[in-house]
K.L.:
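Encoded as structure tokens, here's the structure I'll be asking about.
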Amino acid sequence: MKLIKIDQQSWAAGIEKVKSDYRVFGPVKEKNDHEFKLLEQNEMPDVNCQNTRLSPKSIIYPQSQVMFTYSLDESKDDCRIMKEVENVKSPMAIIGVRPCDALAFPIVRRNFDSPEYQDTYWIKAYEATTFVGLACNSACGTCFCTSAGTGPFGEEGLDVLMIADGDDLYAKSITAKGESFIQAAGWTTEAESAVDSKIDELKTAAESSINSSVATDKIKNKTILELYDAPFWEEEAFACINCGTCTYVCPTCWCFDVQDETHGKSGIRMRNWDSCMFPLFTHHASGHNPRNVKYERLRQRFMHKLKYYVDKYDNGIQCVGCGRCIRLCPVNIDIRKICYKMNSFDAESCVCEATSS
Amino acid sequence: MQNPYLPYPVRIDEIITETEDKSLKTFKFVFLNPADEEKFVYESGQFGELSIPGQGEIPIGIASSPAEKGFIKFTVFKTGKVTSYLHAMKEGEIMGVRGPLGHPFPWKTLEGKNIVIIGGGFAFTTLRSSIISILDPANRSKFKDIHVIYGARSPGMLLYKDELSAWAQRDDINMHITVDGTDDPDWKYLTGFVPTITEQKAPPGSDDTYAIICGPPIMIKFTQPVLDNLGYSYDNIIMSLENRMKCGIGICGRCNIGKEFVCKDGPVFTLSQLNEMPKEY
């Protein structure tokens with residue numbers, strides 16, 4: 001695939017140009033952090049941003065999303081009949097997606113787009129979007145993407161991968177969608193072939209800047225019940241306050257709640273991000289709760305990402321190694337440590353209450 | 001692409017109060033659009049999401065049988081926000097239904113087999129559907145002996161009383177109707193808890209005999225050892241589970257037991273499947 005060189009001037013011009021064909025999102029400085037925002041005229045994505053506080057998950061899957069509208073007006077023919085909200089998506093482009101966040105979309109897709117059921121809201125937004133990635137030249141201390149199915153130059157989930165080298169950017173289109181985006185931006189200057197080896201150097205340097213990892217190789221060979229009954233869950237959950245931060249900042253957490261909101265005689269049915277950390281998530285109307293205690297909820301989160309997903313899809317873990325949950329957890333719960341415990345757990349040799357009785 | 005969250009509009013055609021304490025009502029729904037009824041192709045054991053705009057949705061087992069045409073029925077226990085609202089609704093009112101959802105009882109496997117249906121309390125709805133399906137003249141010859149053990153606290157708490165007494169008259173189904181206790185001198189069926197009656201009345205286990213159990217956890221807990229003693233293998237014990245649900249189609253993430261979703265992979269599981277799963281239900 002040919003490599004396109006983008007100098008500073010054509011970068012700015014290209015971004016302005018694509019705004020007529022796409023709704024363009026990119027990282028923008030917000031207080032102390034960066035967030036993905038819809039870029040206005042003359043607003044540029046900040047390619048110097050290490051990574052955004054939240055992943056671009058919400059562009060495809062909003063935190064709150066209206067699904068239907070309804071009327072409770074008895075004089076109307078459509079009283080109490082759900083009506084679909086208009087769900088036609090114009091083309092969107094997300095600029096500056098880091099490879100870890102990009103991998104989250106194909107992971108989440110397995111949930112929203114299965115052979116049996118297609119979540120029309122997620123799929124339409126996803127299909128309308130071009131993912132323009134930006135390779136990481138250096139990692140954060142909490143990054144472990146290279147052991148979570150991708151890497152700082154990973155391409156899965158992306159339509160274009162951009163690589164920054166000083167003031168210049170190089171762009172490689174990965175899909176036909178990516179090709180169209182580069183054309184729409186008017187970027188046509190082919191890079192010199194000598195750049196290839198420079199990029200290889202950047203990639204190697206980036207990969208070696210990652211100094212943490214998770215081992216997941218032995219998880220698949222253990223049974224669900226062995227790991228579920230492992231003795232370490234209560235201890236790991238001791239400090240957890242079930243705040244749900246890990247869920248909200250996670251690019252691969254997809255659970256939602258559905259709620260009706262009525263104002264006067266009309267209303268909306270909406271879905272909102274939800275979290276397995278919350279007791280209400282599984283609370284039966286009878287009062288019974290299958291995950292009543294906080295360690296059961298913490299166990300659910302990690303078992304889902306590192307075991308249930310692995311067994312169900314046979315396609316790696318439901319984690320991309322972005323490290324957000326590690327950085328933002330108020331009580332320092334670390335998925336890398338829990339993954340290590342799960343991977344190295346040996347039910348046979350464990351002499352403990354949970355398994356010896 | 002069809003929106004799987006969009007309910008079919010239905011009209012409440014009839015409401016029947018089933019139990020003496022009025023906590024259980026059966027709602028008979030008719031589809032507003034006949035084409036929707038054609039799409040709602042179901043088998044006994046599946047469930048639907050009853051959808052009331054402004055209140056929410058609830059997963060409820062389908063109590064009617066595919067052998068009954070022109071309507072679908074759900075028997076609902078008044079317990080939470082949506083069910084309480086539904087219990088106050090009137091015949092003729094409009095609401096929504098999504099489905100059918102989940103897997104039915106394994107009817108292909110059950111063909112040519114003896115079936116013992118064991119139910120307790122209000123968990124008899126999909127079992128009613130199953131009995132109607134089995135007794136349908138087009139289906140009865142596909143199955144061998146049918147036993148039904150159904151118990152409630154008292155005679156007034158039994159569901160579908162008229163149908164129960166009609167089935168009890170038949171010679172192609174063995175009905176064992178029981179109550180925990182009663183002072184009704186006219187009570188002509190059995191007295192005793194479901195596990196005890198199962199011990200006395202259920203046929204012995206064999207490769208050709210399957211048990212379908214739906215009931216409160218306490219009933220299941222005490223019935224299971226009885227079936228073990230009778231020689232039922234775990235593959236031949238079929239159960240239907242419940243968990244809190246929203247989407248009903250395996251996407252929203254809350255009803256999982258291990259890697260299985262009760263909504264999409266269940267609600268019907270064999271006991272051998274359940275033994276491999278965490279007890280998160």
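In the text below, chain A, chain B and the rest are named by the order of the sequence lines, each starting its count at 1.
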K.L.:
Side chain, backbone, both or neither: which part of B:Met277 has an atom under 4.5 Å from a heavy atom of chain A?
P.N.:
backbone

K.L.:
Assess the side chains of A:Asn289 and A:Arg297: does a donor N or O sit below 3.5 Å from an acceptor N or O?
P.N.:
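Side chains of A:Asn289 and A:Arg297: no pair found under 3.5 Å.
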
K.L.:
Search all heavy atoms of A:Tyr70 against all heavy atoms of A:Arg269 and return the closest pair with its distance.
P.N.:
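It is CE2-N, 4.0 Å.
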
K.L.:
What residues of residues 80-102 of chain B sit under 4.5 Å from chain A when only non-hydrogen atoms are counted?
P.N.:
B:Gly80, B:Tyr85, B:Glu93, B:Ile94, B:Met95, B:Pro100, B:Leu101

K.L.:
Fit a plane to each ring of A:Trp122 and A:Phe105, take the angle between them on a 0 to 90° scale, and name the class: parallel (under 30°), tilted (30 to 60°) or perpendicular (over 60°).
P.N.:
tilted

K.L.:
Of all heavy-atom pairs between B:Ile62 and B:Gly48, which one has the smallest distance, and what is that distance?
P.N.:
CG1-N, 4.0 Å

K.L.:
Report which part of A:Tyr228 has an atom under 4.5 Å of a heavy atom belonging to chain B: side chain, backbone, both, or neither.
P.N.:
side chain

K.L.:
Give, as side chain, backbone, both or neither, the part of A:Phe256 having an atom under 4.5 angstrom from any heavy atom of chain B.
P.N.:
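Answer is both: backbone and side chain atoms of A:Phe256 are under 4.5 Å from chain B.
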
K.L.:
Answer yes if the side chains of B:Asp235 and B:Ser272 hold a donor-acceptor pair under 3.5 Å, and no otherwise.
P.N.:
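B:Asp235 vs B:Ser272: donor-acceptor pair found between side chains.
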
K.L.:
Of the backbone (N, CA, C, O) and the side chain (C-beta and beyond), which part of B:Pro9 lies under 4.5 Å from a heavy atom of chain A, both, or neither?
P.N.:
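For B:Pro9, side-chain heavy atoms alone lie under 4.5 Å from chain A.
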
K.L.:
Has the side chain of B:Tyr150 got a donor or acceptor atom that lies under 3.5 Å from a matching backbone atom of B:Leu159?
P.N.:
yes

K.L.:
Run the salt bridge (charged side-chain N to carboxylate O under 4.0 Å, His left out) test against A:Lys218 and tell me which residues pass, sequence neighbours left out.
P.N.:
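Partners of A:Lys218 under the salt bridge (charged side-chain N to carboxylate O under 4.0 Å, His left out) test: none.
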
K.L.:
Is the gap between the ring centers of A:Phe112 and A:Tyr126 under 6.0 Å?
P.N.:
no

K.L.:
Between the side chains of A:Asn343 and A:Thr216, does any donor sit under 3.5 Å from an acceptor?
P.N.:
no

K.L.:
Check whether A:Ser266 gets within reach of chain B through its side chain, its backbone, both or neither, counting any heavy atom under 4.5 Å.
P.N.:
neither

K.L.:
Counting only non-hydrogen atoms closer than 4.5 Å, does A:Arg299 touch chain B with its backbone (N, CA, C, O), its side chain (CB onward), both, or neither?
P.N.:
side chain

K.L.:
Checking heavy atoms, do the side chain of B:Cys247, its backbone, both or neither come under 4.5 Å from chain A?
P.N.:
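For B:Cys247, the side chain is the part near chain A, not the backbone.
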
K.L.:
Please classify the contact of A:Cys79 with chain B as side chain, backbone, both or neither, using a heavy-atom distance under 4.5 Å.
P.N.:
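Answer is backbone: N, CA, C or O of A:Cys79 sit under 4.5 Å from chain B.
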
K.L.:
Could you pull out the closest heavy-atom pair between A:Pro251 and A:Val320, with the gap in Å?
P.N.:
CG-CG2, 3.9 Å

K.L.:
Based on non-hydrogen pairs under 4.5 Å, which of A:Asp257, A:Ile224, A:Asn292, A:Ile81 is most in contact with chain B?
P.N.:
A:Asp257

K.L.:
Please rank A:Met303, A:Glu116, A:Lys124 by heavy-atom pairs under 4.5 Å with chain B and give me the top one.
P.N.:
A:Glu116

K.L.:
Do A:His284 and B:Asn243 have side-chain atoms, one donor and one acceptor, less than 3.5 Å apart?
P.N.:
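Yes, because at least one side-chain N or O of A:His284 sits under 3.5 Å from a partner of the opposite role on B:Asn243.
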
K.L.:
As an exercise: rank B:Gly253, B:Pro7, B:Pro278 by heavy-atom pairs under 4.5 Å with chain A and give me the winner.
P.N.:
B:Pro278

K.L.:
Between A:Leu227 and chain B, with a heavy-atom cut-off of 4.5 Å, which part of the residue counts as in contact: side chain, backbone, both or neither?
P.N.:
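Neither part.
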
K.L.:
Which bit of A:Ile268 comes within less than 4.5 Å of chain B, counting heavy atoms only: side chain, backbone, both or neither?
P.N.:
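Looking at A:Ile268, nothing touches chain B.
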
K.L.:
Among A:Asp311, A:Asp119, A:Asp274, A:Asn87, who wins on heavy-atom pairs under 4.5 Å with chain B?
P.N.:
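Answer, by heavy-atom pair count under 4.5 Å with chain B: A:Asp119.
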
K.L.:
Checking A:Glu261 against chain B: side chain, backbone, both or neither under 4.5 Å from a heavy atom?
P.N.:
neither

K.L.:
Examine whether an atom of B:Tyr281 lies under 4.5 Å from a heavy atom of chain A, and if so say whether it belongs to the side chain, the backbone or both; otherwise answer neither.
P.N.:
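Only the backbone of B:Tyr281 comes within 4.5 Å of chain A.
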
K.L.:
Report the option among A:Lys83, A:Glu296, A:Gln300 that has the most heavy-atom pairs separated by less than 4.5 Å from atoms of chain B.
P.N.:
A:Gln300

K.L.:
If you round to the nearest 0.5 Å, how far is CZ of B:Phe122 from CZ of B:Phe77?
P.N.:
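B:Phe77 CZ to B:Phe122 CZ: 4.5 Å, rounded to 0.5 Å.
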
K.L.:
With a 6.0 Å cut-off on the ring centroids, do B:Phe40 and B:Tyr42 count as close?
P.N.:
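When the ring centroids of B:Phe40 and B:Tyr42 are compared, they turn out to be within the sub-6.0 Å range.
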
K.L.:
Return the option, out of B:Asn256, B:Ile257, B:Ile52, B:Val10, with the maximum number of heavy-atom pairs under 4.5 Å with chain A.
P.N.:
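Of the candidates given, the most pairs with chain A belong to B:Asn256.
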
K.L.:
What part of A:Met82 gets closer than 4.5 Å to chain B, counting heavy atoms only: side chain, backbone, both or neither?
P.N.:
both

K.L.:
So for atom CD, which belongs to B:Glu242, do other residues, nucleotides or ligands contribute more than 12 heavy atoms lying within a distance under 6.0 Å?
P.N.:
no

K.L.:
Between B:Leu32 and chain A, which part of the residue has a heavy atom less than 4.5 Å away: side chain, backbone, both or neither?
P.N.:
side chain

K.L.:
Would a distance-only check, ignoring hydrogens and angles, find a side-chain to backbone donor-acceptor pair under 3.5 Å from A:Lys89 to A:Ile123?
P.N.:
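No; zero donor-acceptor contacts below 3.5 Å.
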
K.L.:
Which bit of A:His283 is near chain B, if near means a heavy-atom gap under 4.5 Å: side chain, backbone, both or neither?
P.N.:
both

K.L.:
Checking heavy atoms, do the side chain of B:Asn275, its backbone, both or neither come under 4.5 Å from chain A?
P.N.:
backbone

K.L.:
I'd like to check A:Leu298 versus A:Trp233 (side-chain heavy atoms, cut-off strictly below 4.5 Å). Are they in contact?
P.N.:
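A side-chain contact exists here, since the closest heavy-atom pair is under 4.5 Å.
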
K.L.:
Assign the ring pair B:Tyr5 / A:Tyr121 to parallel, tilted or perpendicular, where the plane angle (0 to 90°) is split at 30° and 60°.
P.N.:
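Ring orientation of B:Tyr5 relative to A:Tyr121: tilted.
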
